[in-house]
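Note on naming: letters A, B, ... go to the chains in the order of the sequence lines (proteins, then strands), and numbering restarts at 1 for each one. As the structure is a computational prediction, the values presented were derived from the model and not from experiment.
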Amino acid sequence: MSKANLLNRRAVVASLLAERKGTIVVGGLGASTYDIAAAGDHDRNFYLWGAMGGAVMIGLGIALAQPDLPVVVITGDGDMLMGMGSLATVGLQKPKNLTIVVLDNEVYGETGGQASHTAIAADLVGVARACGIPDSRAIATMADIEAYAPGTHDVTSGPRFASIKIDRANLERVLSSRDGQYTVNRIRGSLGFSPI
Amino acid sequence: MHARTEPASEIAPSWPEDIFTILQRFDVRQVPYVPDAGHSQLIERVLGASSMRGIPLTTEEEGVALLAGAWAGGQRGVLLMQSSGVGNCVNMLSLTQIFRFPFLTLVTMRGEWGEFNPWQVPMGSNTQGVFELCGIKVLRASHASEVREVVEAAAGQAYNACTPTAVLLSQRLIGAKVFTK
């Protein structure tokens, strides 16, 4: 496994979301949520500050409720490993508008950089494909990310899974709102739903 | 997960149909579940309904996160599981307080009322306590005749008042699993 030329997570997420239009974006707890915030606050950003292992399922719930809108889950290898069963659930439901992107730095960066399973053994692309997500791939260059981003808007060809190996730099935290009710009600409002 | 022996002499109970009717009336669209024999009739109805999507899970906590996403996307849901699955949900149940979304779960009970299998007893005995510690209101139905009003009340407070609610469907209602004749 080559460790050369690992990508910068902020550049990856900024590129993925540069032309996001109506896309709803779910960020896994920790650095992925900071990355999404760094790319720019948005009323369709679903920031997670907990619920480890739940990012993909939250994305699936949104994707099934809003089949005409693209939904992109951007999370880390730790969250994805904890919620690995959710890839099987997605593989069964096959939501055409859902994209799952794992920013894989092979460590638990928020807790001191302990090695994760992807550093040595676990192949998340293989797991996703074996769970019934045929469009599962590893992306290794910024050019390939730029080429991949427009496809995430296609709500007829998902689900998709991509693993992107990123470097382990602990970047400055860009803090999003931590208020879950605010976050969810803002998304609902952008979709035209009133408060109860 | 377990199969229950179907008493040959009895016709299918009507309470699962009562639940299905209530869920339709409340416009429930996403129905995540880990299968349980006690829910089998309801699951079949859900899978056959064009307005609902039955979503099999690998573990129950997936369902809590799914329903949070469904709510963000404008849909209501209900989580179907067995009492032993409640323990699998604990951290994810935080979402009911974080988002104050309309969480409803219907739980078939094991580990009580003539239980044969001791492995079901610890979680079954703690199901109500776990929910209450997690801030979930608990209602219980023990007789077929009360299922309708209990589930109606639960759905009402969950969907109208965003009060996270669990309904425990007693083993007395469902019937204890028969392992030996």
Side-chain angles (χ1 to χ4, degrees), chain A residues 24-26 28-29 43-69 71 73 79 82-93 95 97-98 131 178-196, chain B residues 26-35 46-47 51-79 85 88-103 134-135 155-164:
Chain A
I24 299 172
V25 180
V26 180
L29 83 165
D43 59 7
R44 292 190 178 177
N45 279 358
F46 200 130
Y47 304 114
L48 293 180
W49 284 78
M52 187 164 177
V56 167
M57 290 306 298
I58 287 175
L60 177 61
I62 301 171
L64 294 178
Q66 292 290 333
D68 297 329
L69 281 181
V71 177
V73 175
D79 174 74
M82 191 174 283
M84 215 147 72
S86 60
L87 291 174
T89 300
V90 168
L92 199 57
Q93 295 301 318
N97 56 334
L98 180 64
C131 284
R178 303 183 298 289
D179 184 334
Q181 284 183 49
Y182 166 78
T183 299
V184 165
N185 286 333
R186 191 167 66 148
I187 293 171
R188 283 173 54 81
S190 84
L191 297 171
F193 297 105
S194 312
I196 64 160
Chain B
F26 276 91
D27 194 27
V28 169
R29 304 293 296 279
Q30 296 193 28
V31 187
Y33 65 89
V34 173
V46 166
L47 292 174
S51 65
M52 293 184 185
R53 189 171 187 127
I55 301 162
L57 309 169
T58 70
T59 180
E60 292 82 356
E61 67 174 315
E62 289 180 7
V64 182
L66 181 92
L67 294 185
W71 174 244
Q75 289 190 339
R76 292 172 173 175
V78 64
L79 171 59
N88 295 346
C89 294
V90 172
N91 184 49
M92 214 58 86
L93 288 173
S94 306
L95 299 184
T96 65
Q97 294 183 41
I98 294 297
F99 299 133
R100 202 170 68 87
F101 72 105
F103 177 75
C134 295
Q157 69 191 43
Y159 298 127
N160 295 329
C162 289
T163 303

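- Using a 4.5 Å cut-off between heavy atoms, B:Ile55 contacts chain A through both its backbone and its side chain.
- Ranked by heavy-atom pairs shorter than 4.5 Å toward chain B, the options A:Gly54, A:Ala55, A:Gly50 are led by A:Gly54.
- Taken to the nearest 0.5 Å, the CD1 atom of A:Ile196 stands 13.5 Å off from the OH atom of B:Tyr159.
- Among all heavy-atom pairs drawn from B:Ala72 and A:Phe46, the shortest one is CB-CE1, 3.7 Å.
- Side-chain contact between B:Leu95 and A:Ile58 is present, with at least one heavy-atom pair separated by less than 4.5 Å.
- In this structure the side chain of A:Met57 reaches within 4.5 angstrom of the side chain of B:Leu57, judged on heavy atoms.
- The candidate with the highest count of non-hydrogen atom pairs below 4.5 Å against chain A, out of B:Ile98, B:Leu67, B:Asn160, is B:Ile98.
- Annotation: maximal heavy-atom pairing with chain A below 4.5 Å, among B:Pro32, B:Ala68, B:Pro56, occurs at B:Pro56.
- The contact between B:Gln30 and chain A is made entirely by side chain atoms (from C-beta outward), counting heavy-atom distances below 4.5 Å.
- For the pair B:Glu62 and A:Gly85, the tightest heavy-atom approach, listed with the atom from each and the gap, is OE2-C, 3.1 Å.
- Contacts with chain B were tallied for A:Ile187, A:Leu64, A:Leu92; A:Leu64 has the most, counting heavy-atom pairs under 4.5 Å.
- Across A:Ala65 and B:Ala70, no two heavy atoms sit closer than the pair CB-O, 4.0 Å.
- Distance check, rounded to the nearest 0.5 Å: CD of A:Gln181 to CZ of B:Arg100 gives 5.0 Å.
- Between B:Gly73 and A:Gln66, the shortest heavy-atom contact is O-NE2, 2.9 Å.
- For the atom pair A:Met84 CE and B:Thr59 OG1, the distance stands at 13.0 Å (nearest 0.5 Å).
- In this structure, the portion of B:Arg53 lying under 4.5 Å from any heavy atom of chain A is its side chain and not its backbone.
- Using a 4.5 Å heavy-atom threshold, the side chains of B:Trp71 and A:Val184 count as touching.
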